[in-house]
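Heads up, the thing below is written out as structure tokens.
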Amino acid sequence: MKMTSKTQKDFQTENSKLKEELCLFKGKYSDLSEKYENLQKEFDLERTKRKQTFRCDKCELNFGSLSAYKKHKQTHKENNEKFQCNYCEREFDEEWKLKAHTNI
């Protein structure tokens, strides 16, 4: 069996065929890659938003979520009702904290 070596022309022909296939591929899927890039940007933006911290202006504590920050802000209300433990007389700013304390 005789092996034939490829000439430079053969390589150029193969190369041009590959380039044509690549162009067809890019043309066919360019809208998908653009959609992917847009989704990636949205994901990165959402991830950045999630990393945002909320700082209490009264005690300077930081919170990783808006809901935790809002819950904390209620502890600074002047007329905030106190919830007292019937067993040890400890006071809590929020009822859920008293319930968690008594369930221990």
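Since the model is a prediction, treat every value here as computed from it, not as a measurement.
When hydrophobic clusters are built by joining Ile, Leu, Val, Met, Phe, Trp and Tyr residues whose side-chain heavy atoms come closer than 4.5 Å, directly or via intermediates, Leu66 is grouped together with Leu61.
Residue Cys56 comes nearest to Phe63 through the heavy atom pair CB-CE1, 4.4 Å, listed as atom of the first residue, atom of the second, then distance.
In this structure, Trp96 and Lys71 have side chains that are in contact, with non-hydrogen atoms separated by less than 4.5 Å.
For the side chain to side chain donor-acceptor pair (under 3.5 Å) condition, the pairs that include at least one residue of residues 54-66, sequence neighbours left out, are Ser65-Ser67.
Heavy-atom contacts from other residues, nucleotides or ligands closer than 6.0 Å to CD of Glu89 number 12 or fewer.
Taking Glu95 as the reference, Phe83, Lys99 meet the side-chain contact (heavy atoms from CB on, under 4.5 Å) condition, with sequence neighbours excluded. Qualifying side-chain contact (heavy atoms from CB on, under 4.5 Å) partners for Cys88, counting only residues two or more places apart in sequence or in other chains: Cys85, Arg90, His101.
From Lys73, atom NZ reaches atom NE2 of His76 across 7.5 Å, with rounding to the nearest 0.5 Å.
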